[in-house]
Asker: 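Mind having a look at this structure? Questions to follow.
This structure is a prediction, so every number in the text was calculated from the model and none was measured.
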Amino acid sequence: LKKGTWDLGVWTGGATGLTGSTSNTRLWSAGVRVGRVMTQEHGSGWLRGNLEWAADVIPAYVVFQNNTVYGAGLNPGLFKWNFTSGKKIAPFVELGAGMLFTASDVPPGTSTINFTPQVGFGMHIFTREKRAVTLSGRYVHISNSGLATSNPGINSIQFTVGYNWFK
């Protein structure tokens, strides 16, 4: 994970709603990630790491609410701090935002366009040089941001598993 390294990956994951009227909502998604390590390593000890910019393209996004809704998403602004002090495991934290486009309203009675700010953590577990299984967890808020009068939003915890190639 050096400056200039490309991060290419595939992933799938599921989430569950946490609070209020959308707590019984379930989500499943699958996508691809493209990232680029933007900085040299900074810091020392276990905090040593570098900054990566990444984007997720999510062609499969299914929301299980009182009806099943199909959609797609894009997270073009993901900023990730890779902790690089380990040899086989590289933890990370990330912060980002994106959009979700669905065939019908999510949550019901709101909008087919939603925004998805998120914060997460995870780890790359290297199986070979420049290849890793990636596990992550993140808090994702799904909201139309006032595009519709009703805006209850969905607060969710998402867990993903993926595989990444670093070039």
Asker: So K80 and D7, do their side chains get closer than 4.5 Å, heavy atoms only?
Answerer: yes
Asker: K3 versus E41: any side-chain heavy-atom pair under 4.5 Å?
Answerer: no
Asker: Evaluate the side-chain proximity of M99 to I113: yes if any heavy-atom separation is below 4.5 Å, no if none is.
Answerer: yes
Asker: For N114, does its backbone N or O pair with a side-chain atom of N144 as donor and acceptor, under 3.5 Å?
Answerer: no
Asker: For a side chain to side chain contact (heavy atoms under 4.5 Å, CB included) check, start with the C-alpha distance between V93 and F83, then their side-chain angles and the critical distance, and finish with the verdict.
Answerer: CA-CA 8 Å; V93 293; F83 295 94; 4.2 Å; yes
Asker: Report whether I142 and V69 are members of the same hydrophobic cluster (ILVMFWY, side-chain heavy atoms less than 4.5 Å apart, transitive linking).
Answerer: yes
Asker: Between P59 and V57, which heavy-atom pair has the shortest distance, and what is it?
Answerer: CD-O, 3.3 Å
Asker: Main chain of T5, side chain of R36: is a donor-acceptor contact present, judged purely on distance under 3.5 Å?
Answerer: no
Asker: Quick one: pull up OG in S23 and CG in L18 and give me the separation to the nearest 0.5 Å.
Answerer: 8.5 Å
Asker: Strictly by modelled atom types, are S136 and E94 linked by a side-chain donor-acceptor pair under 3.5 Å?
Answerer: no
Asker: Near Y70 OH, under 6.0 Å, is it more than 12 heavy atoms from other residues, nucleotides or ligands?
Answerer: no
Asker: Test: ring-ring contact (aromatic ring centres under 6.0 Å, His included). Region: residues 90-124. Which pairs qualify, not counting sequence neighbours?
Answerer: F92-H124, H124-F166
Asker: Nearest 0.5 Å, please: how far is CD1 in I154 from CG in L27?
Answerer: 6.0 Å
Asker: Can you name the closest pair of heavy atoms from F126 and A90 and give their distance?
Answerer: CE1-CB, 4.0 Å
Asker: For the CG atom of N164 and the NZ atom of K130, what is their distance to the nearest 0.5 Å?
Answerer: 14.5 Å
Asker: Could you check whether any side-chain heavy atom of L51 comes within less than 4.5 Å of a side-chain heavy atom of W53, counting everything from C-beta outward?
Answerer: no
Asker: Please tell me whether W165 and V133 are part of a single hydrophobic cluster in this structure, the criterion being side-chain heavy atoms less than 4.5 Å apart.
Answerer: yes
Asker: Quick one: CD1 on I58 to CG on L74, what's the gap to the nearest 0.5 Å?
Answerer: 7.5 Å
Asker: If you take all heavy atoms of P76 and A97, which pair is closest and at what distance?
Answerer: CD-O, 3.6 Å
Asker: So do T25 and V63 actually touch side chain to side chain, heavy atoms under 4.5 Å?
Answerer: yes
Asker: Would you say the side chain of Q118 lies within less than 4.5 Å of the side chain of L78, judging by non-hydrogen atoms?
Answerer: yes
Asker: Centroid-to-centroid, W81 to F79, below 6.0 Å?
Answerer: no
Asker: If Ile, Leu, Val, Met, Phe, Trp and Tyr residues are connected whenever their side-chain heavy atoms lie under 4.5 Å apart, and connections chain through other members, are I89 and L135 in the same group?
Answerer: yes
Asker: Under 3.5 Å, is there a donor on one side chain and an acceptor on the other for S143 and N151?
Answerer: yes
Asker: When rounded to the nearest 0.5 angstrom, what distance separates CZ in R26 from CD in Q65?
Answerer: 12.0 Å
Asker: Hey, quick one: are F159 and L95 part of the same hydrophobic cluster, counting side-chain heavy atoms closer than 4.5 Å, chains of contacts allowed?
Answerer: yes
Asker: Indicate, with yes or no, if Y61 and V32 share a hydrophobic cluster defined by side-chain heavy-atom contacts under 4.5 Å among Ile, Leu, Val, Met, Phe, Trp and Tyr.
Answerer: no
Asker: Please list all pairs passing the ring-ring contact (aromatic ring centres under 6.0 Å, His included) test where one or both residues lie in residues 9-44, with sequence neighbours left out.
Answerer: none
Asker: What I'd like to find out is whether the side chain of L8 reaches to under 4.5 Å of the side chain of V34, using heavy atoms alone.
Answerer: yes
Asker: Do you know the tightest heavy-atom contact between T22 and P107?
Answerer: CG2-CG, 3.8 Å
Asker: Can you check whether L1's main-chain N or O pairs, donor with acceptor, with N50's side chain at less than 3.5 Å?
Answerer: yes
Asker: If I compare all heavy atoms of S150 with all of G109, which pair ends up nearest, and what's the gap?
Answerer: CB-O, 3.9 Å
Asker: Counting C-beta onward and ignoring hydrogens, is there a side-chain heavy-atom pair between V62 and T68 closer than 4.5 Å?
Answerer: yes
Asker: Enter the distance from M38:CE to N82:CG here, rounded to the nearest 0.5 Å.
Answerer: 12.5 Å
Asker: Would a distance-only check, ignoring hydrogens and angles, find a side-chain to backbone donor-acceptor pair under 3.5 Å from S156 to Q158?
Answerer: no
